[in-house]
Undergrad: 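I'd like to ask you about the structure that follows.
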Amino acid sequence: MPELPEVESFRRKIDPQALGSPIIDVVIKEENFLETPKDEFKKSLLNKEFESTRRRGKNIFIKFNMKYLLLHFGMSGDVQFYKNKRKEPKYSKVIFKFKQNTFLSIISIRKFGKVQLIEDYEKFIKKMKIGPDALEITLDEFKTIMEQKKRSFAKTALMDQSALSGIGNLYSDEVLFQSRIFPKTKISALNEGQIEELHINIKDILTRALTSILTHDDYPNDFFIPYRSIDKKCPVCKSKIQRLKISSRHSFYCSTCQSK
DNA sequence: CGTCCTGTTATCGG
DNA sequence: GCCGATAACAGGAC
């Protein structure tokens, strides 16, 4: 589920429902999900309130009491608010109870994902090498980063969270399809126009994906993601969709539309 | 039963 | 050091 647009939609759910209300209980359903020791985690959060949120790539940082709570969702994470304790979602990992009597559950079907406390935001993103956010990055920054990644495959570079953060397997396929670039093209083989087009397409695609998530609509008609299957045909030219493995992830593409 | 999977990380070989 | 490939982490869906 969660790449940048999904995570941004989580953040926008959290803002109106969780900010400014005292946390009156913290329930740890799965200790392994916590990177911070359980007791310290609970003690730091209890009776505090979330003040603001920010997102960088696939990470949400919630500010409270001079610290941050970091949420990372792995492959199957979600957030859910509910009012009735009996409505506790399956696979809840951590639950916050607010004074207004609402609950916020951090959910993950699989055990990937994590929740932890961060003392210093700048230090943390440096240490964890979380690159500039894919929606925030300027063209100049993008060009610099692509220069640094010039020996990488286009697909790998787009998914590298230390280069730019937020794009995963699905949206990298989408960006490459709409940019008509074969996934295993080396970045060094792209001309300046293609780099600029990539930069524009990244923002355009992530923004439009976010809009459809927020409105609960299907993806726009020109999106490739619904065609990510070797049983499907290219929505543009009707060629059979191809698949290849790049660093053990499947990449889907159209061999006619995406030039090598 | 076997296969697949939107993420990240460690490790190995080139 | 950089890159790519792979395994590992888990467990539900099909």
Side-chain angles (χ1 to χ4, degrees), chain A residues 1-11 29-35 55-61 70-79 89-94 106-116 118 124-131 133-135 144-177 182-190 202 205-206 208-210 212-214 218-219 223-232 241 243-253:
Chain A
M1 231 198 147
E3 295 183 38
L4 187 152
E6 292 78 17
V7 175
E8 176 62 16
S9 78
F10 298 163
R11 192 188 72 78
K29 307 292 286 190
E30 179 116 13
E31 223 170 316
N32 293 336
F33 210 73
L34 280 189
E35 290 282 311
R55 182 191 52 73
R56 187 175 174 106
K58 304 169 190 171
N59 304 280
I60 293 177
F61 296 85
L70 167 65
L71 308 179
H72 191 281
F73 298 94
M75 288 169 93
S76 61
D78 198 0
V79 299
K90 263 191 190 177
Y91 316 116
S92 293
K93 299 297 189 231
V94 180
I106 311 301
I107 302 165
S108 189
I109 296 176
R110 296 170 221 155
K111 288 187 178 164
F112 305 148
K114 66 189 176 195
V115 166
Q116 64 185 304
I118 306 295
F124 180 81
I125 60 171
K126 210 168 198 176
K127 194 175 116 207
M128 299 309 290
K129 296 190 171 55
I130 302 171
D133 185 79
L135 273 185
T144 305
I145 279 158
M146 288 302 112
E147 176 61 24
Q148 287 163 3
K149 293 263 121 195
K150 64 185 173 192
R151 289 175 202 84
S152 299
F153 294 143
K155 167 98 171 162
T156 315
L158 292 179
M159 286 179 37
D160 184 344
Q161 304 301 301
S162 70
L164 80 167
S165 59
I167 299 175
N169 201 20
L170 265 53
Y171 290 106
S172 60
D173 276 1
E174 186 66 52
V175 168
L176 291 168
F177 177 80
F182 176 66
K184 274 198 173 181
T185 308
K186 294 280 185 179
I187 294 292
S188 57
L190 302 176
I202 286 169
I205 287 163
L206 296 177
R208 289 195 294 143
L210 173 62
S212 28
I213 292 165
L214 292 177
D218 291 341
Y219 283 132
F223 264 40
F224 175 71
I225 288 174
Y227 298 88
R228 290 180 79 257
S229 158
I230 52 172
D231 300 327
K232 299 251 160 83
I241 294 301
R243 178 178 70 183
L244 58 81
K245 258 190 182 178
I246 302 180
S247 54
S248 70
R249 308 301 297 276
H250 280 312
S251 175
F252 294 88
Y253 66 100

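Quick caveat: nothing in here was measured; it's all calculated off a predicted structure. Only heavy atoms go into these numbers, but all of them, side chains included; no hydrogens, no water, no symmetry mates. Proteins come first, then strands; the chains are lettered A, B, ... in the order of their sequence lines, and each starts at number 1.
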Undergrad: Does the pair Asp133(A) and Leu4(A) meet the rule for a side chain to side chain contact (heavy atoms under 4.5 Å, CB included), with working shown?
TA: CA-CA 9 Å; Asp133(A) 185 79; Leu4(A) 187 152; 3.5 Å; yes

Undergrad: Write down the distance between CD1 (Ile107(A)) and C1' (dG11(C)), rounded to a whole number of angstrom.
TA: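 Nearest whole value for this atom pair: 16 Å.
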
Undergrad: Does Phe61(A) form a side chain to side chain contact (heavy atoms under 4.5 Å, CB included) with Ile125(A)? I'd like the steps, not just the answer.
TA: CA-CA 11 Å; Phe61(A) 296 85; Ile125(A) 60 171; 4.2 Å; yes

Undergrad: Across the strands shown, which category fits Phe73(A) at heavy-atom distances under 4.0 angstrom: base, sugar-phosphate, nothing?
TA: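 No contact at all - Phe73(A) keeps every heavy atom at 4.0 Å or more from the nucleic acid.
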
Undergrad: Round to a whole Å and report the spacing from CD1 of Ile246(A) to P of dG7(B).
TA: 14 Å

Undergrad: Would you say Lys114(A) places a side-chain N or O within less than 4.0 Å of OP1 or OP2 belonging to dT8(B)?
TA: no

Undergrad: With the side chain of Gln161(A) defined as its heavy atoms from C-beta on, choose the nearest nucleotide among dA10(C), dT8(B), dC5(B).
TA: dT8(B)

Undergrad: Which of the following nucleotides, dG7(B), dT6(C), dA5(C), is nearest to the side chain of Asn169(A)?
TA: dG7(B)

Undergrad: Which one, dT6(C), dT9(B), dC5(B), comes nearest to the side chain of His250(A)?
TA: dC5(B)

Undergrad: Quick one: which of dA10(C), dT8(B), dA5(C) gets closest to the side chain of His72(A)?
TA: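 Per side-chain heavy atoms of His72(A), the pick is dT8(B).
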
Undergrad: Parallel, tilted or perpendicular: which describes the rings of Phe224(A) and Phe177(A), with under 30° parallel and over 60° perpendicular?
TA: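 Rings of Phe224(A) and Phe177(A): parallel, under 30°.
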
Undergrad: Can you tell me how far C1' in dC9(C) sits from the matching atom in dC1(B), rounded to whole Å?
TA: 22 Å

Undergrad: Can you give me the closest heavy-atom contact between Arg56(A) and Gly131(A), atom names plus distance?
TA: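 Smallest heavy-atom distance, with atoms named: NE-O, 3.1 Å.
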
Undergrad: Can you pull out the residues from residues 145-156 of chain A that lie within a 4.0 Å heavy-atom distance of DNA chain C?
TA: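 Going residue by residue through residues 145-156 of chain A, the ones with a heavy atom under 4.0 Å of DNA chain C turn out to be Gln148(A), Lys149(A), Arg151(A), Ser152(A), Phe153(A), Thr156(A).
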
Undergrad: Restricting to non-hydrogen atoms, name the atom on Met159(A) and the atom on Asn169(A) that form the minimum distance, rounded to 0.1 Å.
TA: SD-CA, 3.7 Å

Undergrad: So if I take every side-chain heavy atom of Tyr91(A) and compare against dC5(B), dG12(C), dG4(C), which nucleotide ends up nearest?
TA: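 My answer, after comparing the listed nucleotides, is dG12(C).
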
Undergrad: Just need the stems in DNA chain B: three or more back-to-back Watson-Crick or G-U pairs, each with both distances under 3.5 angstrom, sorted by first number.
TA: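 Paired runs of 3+ in DNA chain B: B:2-5 with C:11-14, B:7-14 with C:2-9.
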
Undergrad: To the nearest 0.5 Å, tell me how far Leu135(A) CG sits from Leu164(A) CG.
TA: 10.0 Å

Undergrad: So Lys245(A), base contact, sugar-phosphate only, or nothing? Heavy-atom distance under 4.0 Å.
TA: nothing

Undergrad: Taking all non-hydrogen atoms of both residues, which atom of Gly77(A) and which atom of Phe10(A) are closest, and how far apart?
TA: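 Closest heavy-atom pair between Gly77(A) and Phe10(A): O-CZ, 3.6 Å.
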
Undergrad: Would Lys186(A) and Phe153(A) count as a cation-pi pair here, with the cationic atom under 6.0 angstrom from the ring centre and within 45° of the axis?
TA: yes

Undergrad: I need the CE-P distance between Met75(A) and dG12(C), as an integer number of Å.
TA: 15 Å

Undergrad: Can you measure Asn59(A) atom CG to dT9(B) atom C1' for me and round it to whole angstrom units?
TA: 14 Å

Undergrad: Roughly how many Å is it from CG in Leu158(A) to P in dC3(C), rounded to a whole number?
TA: 14 Å

Undergrad: Between His250(A) and Phe252(A), what is the ring plane arrangement, given parallel below 30°, perpendicular above 60°, and tilted in between?
TA: tilted

Undergrad: Report yes if a side-chain nitrogen or oxygen of Lys186(A) is closer than 4.0 Å to either non-bridging phosphate oxygen (OP1 or OP2) of dG4(C); otherwise report no.
TA: yes

Undergrad: Can you name the nearest heavy-atom pair linking Pro2(A) to Met75(A), along with the distance?
TA: CD-O, 3.6 Å

Undergrad: Between Arg110(A) (CZ) and dG7(B) (C1'), how many Å, whole number?
TA: 9 Å

Undergrad: Does Lys184(A) place a side-chain N or O at less than 4.0 Å from the phosphate oxygens OP1/OP2 of dA5(C)?
TA: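 For Lys184(A), the contact criterion (side-chain N or O under 4.0 Å from OP1 or OP2 of dA5(C)) is met.
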
Undergrad: Nearest 0.5 Å, what's the CD1-NZ distance between Ile167(A) and Lys155(A)?
TA: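 Taking CD1 in Ile167(A) and NZ in Lys155(A), the distance rounds to 10.0 Å.
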
Undergrad: Send over the distance from Lys93(A) NZ to dG12(C) C1', rounded to a whole Å.
TA: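 Interatomic distance, NZ of Lys93(A) to C1' of dG12(C): 12 Å.
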
Undergrad: Where each residue is assigned the nucleotide of DNA chain C containing its nearest heavy atom, which of Ser247(A) and Glu30(A) is assigned the position nearer the 5′ end?
TA: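 Upstream on the strand: Ser247(A).
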
Undergrad: Counting only side-chain heavy atoms from C-beta out, which of dG12(C), dT9(B), dA10(C) sits nearest to Ile109(A)?
TA: dG12(C)

Undergrad: Whole angstroms only, please: what is the CE-C1' distance between Met128(A) and dA10(B)?
TA: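 From Met128(A) CE to dA10(B) C1': 13 Å.
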
